[in-house]
Amino acid sequence: MSDLSDIDDFRLMARAIQLAKKGLYSTHPNPRVGCVIARNNEIVGEGWHQKSGQAHAEINALNDAAGQAKNSVAYVTLEPCCHFGKTPPCADALINAGVSRVVVAMQDPNPLVAGKGIARLRDAGIEVIDGVLDQEAKLLNPGFIKRMSTGLPYVRCKLAMGLDGRTAMASGESKWITGDQARRDVHCLRAQSSVVMTGIGTVLADDPFMTVRIEKDYFILNEVPEPLRVILDSSLRTPIDAKIFNQPGKVIIFTSTENNDYFDSFDVKKVSFCVLPEIDGGLDLQAVLIHLAKLEVNEILLEAGATLCGSMLKMGLLDEIVIYMAPHVMGANARGLFNLPAIDKMSDRIKLKYQDVRQVGDDLKITLQAG
């Protein structure tokens, strides 16, 4: 059985995790981090990282503590940084503030930190406890953790279907399968993503905006940055007047076709191109993800058709699948979720794992672990 000090550590770290969630839509490319400063197990300061380039969670919590940090305990959801980036090291700030103990949920996977922040605190004579609510803390930053650990972003695939697993009518018509609340939830997924990605088939069929369209006061900050929009278009069939180009934010088109006249048709400040070698008659999807990771992309929301989603699933490039299931039947001629023609036997099935099932309005939201 845990002693009382352990219980307080869990309680105060849980509060730090709550604070970190306030940065869900705004910290890209940095991780979401929360911090609590406590004296005698009572909170005297709170903070969370709000935006890249601004103060980290520890600094905001120390400022909120207003001089009460000496001999206090700091609860941080991610190991304090120990290097100079856009802001000074948070480990040094905690040392200079005179905290006597630091409780860390998880070590930072960033090689620039990776245990060095904890070592600096201990070298300064500060007691450090590591691993309190670490699993909960990891859920805050799946993309940052994966990018730092593997060099690839976290890819979340969003799909909508009827009860019979169909995503569009045979004609391609798909608006709207789900209800208003489910569509609002999708915009929240977009807002927390670094990139919203689709294929040329979806652009030609739906002419989507691919932007975050939701009341701004729904979010913690007044302004939610638009995610980078990515189109996979190997042969440059995207119309120059597509709606996606007339929205706030930037667009990258990945292609395997060189066409300077087409490239020059766009404003270079809004639209850029990445030409990759063709592989098996299409784009090298792994190379696309590697390129985006180099741009510090943490999380990708894939909103595409059955062909691209099927290819990503087959190659093991999806980490998570979010399916919104509406309570209606679309018929045998309607289109399916994934185009996976190579699966002929039960032994070839691609196994997924349920993470969460909940009702959103009239629809079900099913979250599955892939990869």
Side-chain angles (χ1 to χ4, degrees), residues 152-153 155-160 166-175 190 193-211 226-295 297 299-318 321 334-343:
L152 292 173
V155 183
R156 182 181 288 113
C157 176
K158 184 278 296 182
L159 295 159
R166 306 295 180 171
T167 64
M169 306 309 294
S171 64
E173 180 188 359
S174 61
K175 294 183 179 180
R190 287 182 183 177
S193 303
S194 311
V195 158
V196 179
M197 184 166 74
T198 194
I200 179 59
T202 298
V203 173
L204 294 176
D206 298 339
D207 197 14
F209 292 104
M210 290 175 63
T211 51
E226 285 289 348
L228 177 67
R229 297 186 299 282
V230 167
I231 303 172
L232 305 188
D233 180 7
S234 59
S235 56
L236 294 179
R237 292 186 292 148
T238 304
I240 295 174
D241 61 351
K243 292 176 182 176
I244 195 170
F245 299 125
N246 297 319
Q247 312 306 314
K250 296 182 179 181
V251 178
I252 296 181
I253 297 178
F254 284 87
T255 184
S256 53
T257 303
E258 289 271 8
N259 186 332
N260 290 329
D261 290 338
Y262 182 86
F263 297 164
D264 292 341
S265 301
F266 295 91
D267 181 352
V268 295
K269 294 180 179 178
K270 289 209 58 168
V271 183
S272 60
F273 295 85
C274 180
V275 181
L276 296 174
E278 195 172 84
I279 181 171
D280 297 329
L283 282 171
D284 185 339
L285 299 177
Q286 176 102 358
V288 170
L289 298 186
I290 291 172
H291 182 88
L292 291 173
K294 290 178 179 177
L295 298 179
V297 167
E299 297 179 26
I300 295 174
L301 181 64
L302 176 65
E303 297 191 54
T307 299
L308 179 54
C309 291
S311 296
M312 295 282 286
L313 179 61
K314 183 179 179 180
M315 292 179 66
L317 298 177
L318 298 183
I321 300 171
R335 301 178 183 182
L337 281 176
F338 297 100
N339 184 8
L340 294 165
I343 295 181

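Values reported hereafter were calculated over all heavy atoms of this structure, with side chains retained and with hydrogens, waters and symmetry mates removed. Keep in mind the model is a prediction, meaning the values are calculated, not measured.
Rounding to the nearest 0.5 Å gives a distance of 11.5 Å between CG of D206 and CD1 of I244. Rounded to the nearest 0.5 angstrom, N259 CG and S265 OG are separated by 8.0 Å. Between I231 atom CD1 and M197 atom CE the span is 11.5 Å, to the nearest 0.5 Å. Rounded to the nearest 0.5 Å, atoms CG (L308) and CG (L232) are 5.5 Å apart. Put simply, OG1 on T307 and CD1 on I200 are 13.0 Å apart, with the number rounded to the nearest 0.5 Å. Separating the CZ atom in F263 from the OG1 atom in T257 is a distance of 7.5 Å, to the nearest 0.5 Å.
Every residue meeting the side-chain contact (heavy atoms from CB on, under 4.5 Å) condition with K250, not counting sequence neighbours, appears here in chain and number order: L228. Annotation: salt bridge (Lys or Arg N to Asp or Glu O under 4.0 Å) contacts of K314 (sequence neighbours excluded): none.
Of the possible polar contacts, one joining the T255 side chain to the D233 backbone as a donor-acceptor pair under 3.5 Å is found. Between the side chain of S256 and the main chain of S234, a donor-acceptor pair closer than 3.5 Å is present. K270 places a side-chain N or O within donor-acceptor distance of the main-chain N or O of Q247, the cut-off being under 3.5 Å. Of the possible polar contacts, one joining the D207 side chain to the K243 backbone as a donor-acceptor pair under 3.5 Å is found. Remark: the backbone N or O of E303 is paired with a side-chain donor or acceptor of T198 at under 3.5 angstrom.
Residues T202 and G305 come closest through the heavy atom pair OG1-N, 3.4 Å. Between A304 and L159, the shortest heavy-atom contact is O-CD2, 4.0 Å. Contact detail for T238 and Y262: the closest heavy-atom pair is O-OH, 2.5 Å.
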(request) Tell me, with the steps shown, if L152 and Q286 meet side chain to side chain contact (heavy atoms under 4.5 Å, CB included). (result) CA-CA 9 Å; L152 292 173; Q286 176 102 358; 4.1 Å; yes
(message) Pair L285, S311 - check side chain to side chain contact (heavy atoms under 4.5 Å, CB included), show working.
(response) CA-CA 9 Å; L285 299 177; S311 296; 3.9 Å; yes
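Within the 4.5 Å cutoff, no side-chain heavy atoms of F209 are placed close to those of V196. A heavy-atom distance below 4.5 Å is found between the side chains of C309 and L302. Residues T211 and R229 meet the side-chain proximity criterion, which asks for heavy atoms closer than 4.5 Å. Contact annotation: the side chain of V195 never approaches that of I252 to less than 4.5 Å [non-hydrogen atoms, C-beta and beyond].
Heavy atoms from other residues, nucleotides or ligands lying under 6.0 Å from CG of D267 number more than 12.
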